[in-house]
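One structure is given below, encoded as structure tokens.
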Amino acid sequence: MCQYLLMSQVRTRIAPSPTGDPHVGTAYIALFNRCFAHQHGGKFVLRIEDTDQQRSSEKSEQDILQSLKWLGLSWDEGPDCEGDFGPYRQSERSEIYSSHIEQLLDKGTVFRCFCSSERLDLLRQQQMQDKQQIGYDGCCVNLSAENIAAKLEQGEPHVIRMKIPEQGNCEFEDLLRGTISISWAQVDMQVLIKSDGLPTYHFANVVDDHLMKISHVIRGEEWINSTPKHLLLYQYFGWDIPVFCHMPLLRNPDKSKLSKRKNPTSIGYYAAMGYLPEALLNYLGMMGWTMPSGEEKFSQEEMTANFDISRVSLGGPIFDTEKLDWLNGKYIREDLNDEEFIQRFAAWAFKSDKVKMIAPLLKQRVERLSDVASLGSFFFSGELDISAESFAHKNIEADEILKIVQFTLWKLELIEQWDRDSIEKQLQELAAQLELKIRDFLFPLFVAISGKAVSTSVIESINILGIDITRARLRKALDVLGGISKKQAKSLEREFRDFG
RNA sequence: GUCCCCUUCGUCUAGAGGCCUAGGACACCUGGUUUUCAUCCAGGCAACAGGGGUUCGAAACCCCUAGGGGACGCCA
């Protein structure tokens, strides 16, 4: 490996998909990629994987870029700072993928597949029922040239899949795990080009990694099983392969893969809660890695200077905020003088005109300036001090309260453009669906969001607080109300879905 | 179901065959400092998943079992 490093520049990448909130897992993988590249004097690249037209959004892309920057995870090349290998947004690279798939079509290592998604669904169902391995059955592999030409003539929608060897194993080296061997029989004939003409991750990622001269692919463990497909594509093209390194996945406290259903995963949440970016980043660096000295508090520069990827431990670390809290406090105490502390607090509290939005709400309701702090404190708090008793109400049963809070959470998750009107619309709709007076309906939300039954407009408050804090508070409310059992959740989900 | 990966205190981890009676940190408990609390300091509790090998010697190497996780999309 040393020789390899000397011979060519190390280039690593983070390739987020702009399909949701900026995820701490993305930052985690980005951190290790960045440290590795910079430790070797190489480059760290950011590439936007927006080939899913339905789910990708510009808003999400902006949020992700902004969040990574906030954490100090800047990139040497990316969509906003073009290097020699652009464009860095996959949606702008369509011609590249088309010309490359042509090459494979010519070589006959891929084939057009005209199977309908209905047939494939059925096939999958059947395979599940028969407890067979799930995968494409090869129906279109050997279509005749005439047949294909005819179908194309008629404009039949189709995808392009890759051929897979029928026998043998795919063996590859993982930088941390050694040799991994997966039987080709386990590998599906992956779709490379979707019927909309855009590539899937598997295809775009290989083409781009090659063209962008990525030397080390450091990514999550979830990709191990699809690595054979990627390797095979390199082989079909006749390209050199990069070094693969699969990091352990961040986990929920129940050990499952970190997910927003069970945990706050949005970087925005941690920012809104008042964690310092350097502390959060330090904490991420602590997941699966330690400084050789054992020192637990370290900056990204120190991490880079001492980085050694072989010190990554493979057990999936639980993203448990207790230690993050301690670390964050340590940063505040040790690294900020009083003046800096004031500045940091002000920058956080008054971020993006937050006070300007809060002021008119408070002004309506205070009689003395000294009322401001107690009335408005929930805008600057994290978790609220509430209990089941806080939700006691004369007209609504406990079950109903739980339902209101849960449904509100789900409704708010549906909002694409976060603003006052969308929130109001969702809540009005929900109150009507539940056949509740808006006044009664809103009560538990007041408690969950502001901690009190009486406060500034709950809709305005939700708008100002943002989805991350709102989500956390509604979830806390669910929690103190005794939580929802799996059974309850199922029936609630059904009821919610019936609302349409 | 099939395949792949993983397994040291509750949590993050140190550990590269003898330095291990397994170390550090968070959390928790006790005590000290502090007008309270927090900080800070001192101490305590607490783990090698189980079973077989290999070896003079295993937390470490090999095998099996168990447990956990992941993948199996025209998502990434």
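This is a predicted model, so every value here is computed, not measured. Numbered from 1 within each chain, the chains take letters A, B, ... in sequence-line order.
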Sticking with atom [atom1], work out how far [N] lies from [M], rounded to a whole angstrom.
N     : M     : atom1 : answer
B:G67 : B:U8  : C1'   : 15 Å
B:A42 : B:G18 : P     : 31 Å
B:G69 : B:C28 : P     : 27 Å
B:C9  : B:A46 : P     : 14 Å
B:G52 : B:U11 : C1'   : 32 Å
B:G17 : B:C12 : C1'   : 26 Å
B:A14 : B:C20 : C1'   : 12 Å
B:G10 : B:A47 : P     : 7 Å

Identify which nucleotide among [options] has an atom closest to any side-chain atom of [X], counting heavy atoms from C-beta outward.
X      : options             : result
A:T290 : B:C4, B:A14, B:A71  : B:A14
A:I134 : B:G1, B:A16, B:C5   : B:G1
A:N225 : B:G73, B:A27, B:G70 : B:G70
A:M287 : B:A25, B:C12, B:C75 : B:C12
A:K255 : B:C4, B:A25, B:U11  : B:U11
A:E222 : B:C4, B:C74, B:G70  : B:G70
A:V191 : B:C74, B:A25, B:C12 : B:C74

Reckon [X] touches a base, only the sugar-phosphate, or nothing at all at heavy-atom distances under 4.0 Å?
X      : answer
A:S181 : sugar-phosphate
A:R333 : sugar-phosphate
A:I180 : sugar-phosphate
A:G329 : nothing
A:R311 : sugar-phosphate
A:T51  : sugar-phosphate
A:E296 : base
A:C115 : base
A:S256 : sugar-phosphate

Checking A:N306 side chain against A:M291 main chain: does a donor-acceptor pair fall under 3.5 Å?
->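 The answer is no, because no donor-acceptor pair under 3.5 Å joins these two groups.
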Atom [atom1] of [X] and atom [atom2] of [N]: how far apart are they, to the nearest Å?
X      : N     : atom1 : atom2 : value
A:D21  : B:A76 : CG    : C1'   : 16 Å
A:E221 : B:C4  : CD    : C1'   : 9 Å
A:Q186 : B:C5  : CD    : C1'   : 14 Å
A:F319 : B:G69 : CZ    : C1'   : 18 Å
A:I318 : B:A25 : CD1   : P     : 21 Å
A:M286 : B:C12 : CE    : P     : 12 Å

Who does [N] pair with, Watson-Crick or G-U, both distances under 3.5 Å?
N     : result
B:C3  : B:G70
B:C75 : none
B:U34 : none
B:C9  : none
B:A49 : B:U65
B:U39 : none
B:G18 : B:C56

Closer to the 5' end of RNA chain B via nearest nucleotide, is it A:L120 or A:D254?
->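 Counting from the 5' end, the first nearest nucleotide belongs to A:D254.
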Position toward the 5' end of RNA chain B (nearest nucleotide), A:R251 or A:G315 | A:G315
Polar pair under 3.5 Å, donor/acceptor by atom type, side chain A:S195, base B:C74 =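 Indeed, a donor on one side and an acceptor on the other fall under 3.5 Å apart.
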[X] vs [Y] aromatic rings, parallel, tilted or perpendicular, using cut-offs 30° and 60°?
X      : Y      : value
A:F345 : A:W348 : tilted
A:H230 : A:W223 : tilted
A:W239 : A:H210 : parallel

Does a donor on one side chain and an acceptor on the other come within less than 3.5 Å for A:R112 and A:N147?
->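 Per modelled atom types, A:R112 and A:N147 side chains form no pair under 3.5 Å.
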Phosphate contact (B:A76 OP1 or OP2) by A:K194 side-chain N/O below 4.0 Å |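 Indeed, a polar side-chain atom of A:K194 lies that close.
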Does OP1 or OP2 of B:C72 have a side-chain N or O of A:K229 closer than 4.0 Å?
-> no
Does NZ or CZ of A:K297 fall inside the cone over A:Y331's six-membered ring, less than 6.0 Å from its centre and within 45° of the axis?
-> yes
Do other residues, nucleotides or ligands put more than 12 heavy atoms under 6.0 Å from the NZ atom of A:K107?
->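 Above 12, so yes.
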The single option from A:D80, A:N33, A:D76, A:L65 passing side chain to side chain contact (heavy atoms under 4.5 Å, CB included) against A:L46 = A:L65
Of A:I332, A:L327, A:D325, which meets side chain to side chain contact (heavy atoms under 4.5 Å, CB included) against A:Y275?
-> A:D325
